[in-house]
Amino acid sequence: MKSSPQSIEELLARADSMAGLTFAQLAKLNDQIVPKNLRRDKGWVGQLIEHELGANAGSKSEPDFNHLDVELKTIPINSYGKPLETTFVTVAPLINISGLTFFDSVLFHKLKQVLWVPIEGERDIPVAERRIGCPFLWQPDASQLAQLKQDWEEIMELIALGQVTKVTARHGEILQLRPKAANSAALTESIAEDGSIQLTNPRGFYLKTQFTTRLLANAFGN
DNA sequence: AGCTGATCATAA
DNA sequence: TTATGATCAGCT
């Protein structure tokens with residue numbers, strides 16, 4: 001693992017220096033082998049970039065650069081710069097959530113400041129030849145924050161009311177709740193309709209592509 | 001073609 | 001099992 005950046009400026013400088021590199025080039029710098037495809041290595045690019053930038057949160061429920069209050073997110077884009085995938089944010093809490101507020105939530109703490117790293121993601125480009133784009137730091141503005149808060153509160157209320165199994169990816173304007181598990185057989189505790197504990201497939205919060213499309217457009221002017 | 005539900009690898 | 005990193009792939 002490379003050293004951890006000691007300031008936002010250092011982090012951004014190191015991130016900028018990756019722009020334009022192919023995955024093959026960055027992999028070589030980090031003594032890693034490039035997988036033929038990402039089917040069995042879905043997190044490979046994200047972990048490669050974490051390694052290069054010295055992220056240190058590991059598998060803790062904290063932003064990647066906790067001392068800088070920065071979360072790192074790669075985002076696969078097509079040749080027009082549009083996101084190809086939704087962005088996973090965090091696992092959704094399904095029990096012990098009474099009194100939990102948006103501003104105390106893990107979701108808020110992970111999204112209050114994000115270093116976005118666009119990456120080429122089209123499947124017809126060999127993984128080794130895909131390139132890293134221009135990283136940019138983002139903080140939600142007042143309107144984005146209000147939207148996030150509203151979606152989060154609506155979804156969390158349904159969870160609190162024992163309706164988790166009725167929430168689909170269609171709920172929410174910019175945030176959605178979807179399965180986040182090894183497979184559909186995985187189980188975790190959640191609140192049942194009668195208030196007792198039941199077992200359900202774990203869920204995660206994801207940012208919809210319509211929202212991240214606007215983020216990228218704002219960042220790169222238009 | 002885009003989206004939703006399902007899935008893969010790994011650490012602790 | 002839960003958390004991290006996400007993308008896959010069938011269906012509409």
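So you know, we letter chains A, B, ... as the sequences are listed, proteins then strands, and number each from 1. The figures here come from the full heavy-atom set of this structure, side chains too, leaving out hydrogens, waters and symmetry mates.
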Separation of [X] atom [atom1] from [N] atom [atom2], in whole Å?
X         : N      : atom1 : atom2 : value
Lys42(A)  : dT7(C) : NZ    : C1'   : 5 Å
Arg178(A) : dC8(C) : CZ    : P     : 13 Å
Leu48(A)  : dT4(C) : CG    : P     : 20 Å
Lys60(A)  : dG5(C) : NZ    : P     : 11 Å
Lys36(A)  : dC8(C) : NZ    : P     : 16 Å
Leu84(A)  : dC8(C) : CG    : P     : 9 Å
Ile75(A)  : dA6(C) : CD1   : P     : 10 Å
Glu120(A) : dT7(C) : CD    : C1'   : 17 Å

Quiz item: Under the side-chain hydrogen bond (donor to acceptor under 3.5 Å, both in side chains) rule, what pairs show up with a residue in residues 101-112 of chain A, not counting sequence neighbours?
Solution: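 Output for this query lists Asp69(A)-Lys112(A), Thr101(A)-Asp104(A), His109(A)-Lys112(A).
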Just to be sure I understand the rule, does [X] reach a base, reach only the sugar-phosphate, or reach nothing, if contact means heavy atoms closer than 4.0 Å?
X         : result
Lys110(A) : sugar-phosphate
Gly43(A)  : base
Arg40(A)  : sugar-phosphate
Thr86(A)  : base

Quiz item: Of all residues at least two apart in sequence or in a different chain, which pass the salt bridge (Lys or Arg N to Asp or Glu O under 4.0 Å) check with Lys73(A)?
Solution: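 By the salt bridge (Lys or Arg N to Asp or Glu O under 4.0 Å) rule, Lys73(A) matches Glu71(A).
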Quiz prompt | Set of residues satisfying salt bridge (Lys or Arg N to Asp or Glu O under 4.0 Å) with respect to Glu122(A), sequence neighbours excluded | solution =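 Checked Glu122(A) against salt bridge (Lys or Arg N to Asp or Glu O under 4.0 Å); zero matches.
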Exercise. Any ring-ring contact (aromatic ring centres under 6.0 Å, His included) involving residues 72-91 of chain A? Give me the pairs, sequence neighbours left out, ordered by first then second residue.
Key: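 For residues 72-91 of chain A, and leaving out neighbouring residues, the ring-ring contact (aromatic ring centres under 6.0 Å, His included) pairs sorted by first residue read Phe88(A)-Tyr206(A).
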Self-check item: Presence of Thr74(A) side-chain N/O under 4.0 Å of dA6(C) phosphate oxygens OP1/OP2
Solution: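 Yes, because at least one side-chain N or O of Thr74(A) sits under 4.0 Å from OP1 or OP2 of dA6(C).
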Self-check item: Set of side chain to side chain donor-acceptor pair (under 3.5 Å) partners for Glu120(A), sequence neighbours left out
Solution: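 Listed in chain order: Arg131(A).
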Self-check item: Test side chain to side chain donor-acceptor pair (under 3.5 Å) applied to Gln163(A) - qualifying residues, sequence neighbours left out
Solution: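 For Gln163(A), no residue satisfies side chain to side chain donor-acceptor pair (under 3.5 Å) once neighbours in sequence are set aside.
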Quiz item: Does a donor on one side chain and an acceptor on the other come within less than 3.5 Å for Trp152(A) and Gln147(A)?
Solution: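 Distance-only check fails for Trp152(A) and Gln147(A).
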Quiz item: Just checking, is any N or O donor in the side chain of Ser190(A) or Gln198(A) under 3.5 Å from an acceptor N or O on the other one?
Solution: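 Judged by distance alone, the side chains do pair up.
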[X] [atom1]: over 12 foreign heavy atoms closer than 6.0 Å:
X         : atom1 : value
Gln210(A) : CD    : no
Leu100(A) : CG    : yes
Glu173(A) : CD    : no

Quiz item: Reading DNA chain B 5' to 3', which nucleotide is the first, and which the last, to come under 4.0 Å of any heavy atom in chain A?
Solution: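 That gives a stretch of dC3(B) to dA9(B).
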Quiz item: Of all of residues 182-212 of chain A, which get a heavy atom below 4.0 angstrom from DNA chain C, listed by number?
Solution: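 By residue number: Leu187(A), Thr188(A), Tyr206(A).
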Quiz item: Can you list every salt bridge (charged side-chain N to carboxylate O under 4.0 Å, His left out) pair that touches residues 178-207 of chain A, not counting sequence neighbours?
Solution: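 For residues 178-207 of chain A, and leaving out neighbouring residues, the salt bridge (charged side-chain N to carboxylate O under 4.0 Å, His left out) pairs sorted by first residue read Lys166(A)-Glu193(A).
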Which protein N or O atoms sit under 3.5 Å from an N or O of nucleotides 9-11 of chain C?
residue : atom : partner   : partner atom : Å
dA9(C)  : N7   : Arg123(A) : NH2          : 3.4

Self-check item: Approximate separation, where rounding is to 0.5 Å, of Leu48(A) CG and Leu26(A) CG
Solution: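 So the CG of Leu48(A) and the CG of Leu26(A) are separated by 4.0 Å.
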Quiz prompt | Distance in Å, Phe108(A) CZ paired with Thr90(A) OG1, rounded so as to fall on 0.5 Å steps | solution =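 Those atoms lie 14.0 Å apart.
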Practice problem: Using heavy atoms to find the nearest nucleotide of DNA chain C for Gly121(A) and Val89(A) separately, return the residue whose nucleotide is more 5′. | Solution: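 Taking each residue's closest nucleotide, the earlier one in sequence belongs to Val89(A).
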Quiz item: For the helix from dA1(B)-dT12(C) to dA12(B)-dT1(C), how many degrees between its two end axes (five pairs per end), to the nearest 10°?
Solution: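 Comparing the first five pairs with the last five, the axes sit 30° apart.
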Quiz item: Quick one: on DNA chain B, does Asp41(A) or Gln176(A) contact a more 5' nucleotide (nearest heavy atom)?
Solution: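 Between the two, 5'-proximity favours Gln176(A).
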Mind listing the side-chain donor-acceptor pairs of residues 36-46 of chain A below 3.5 Å, one per line with the distance, residues two or more places apart or on another chain?
residue  : atom : partner  : partner atom : Å
Asn37(A) : OD1  : Arg39(A) : N            : 2.8
Trp44(A) : NE1  : Gln32(A) : OE1          : 3.3

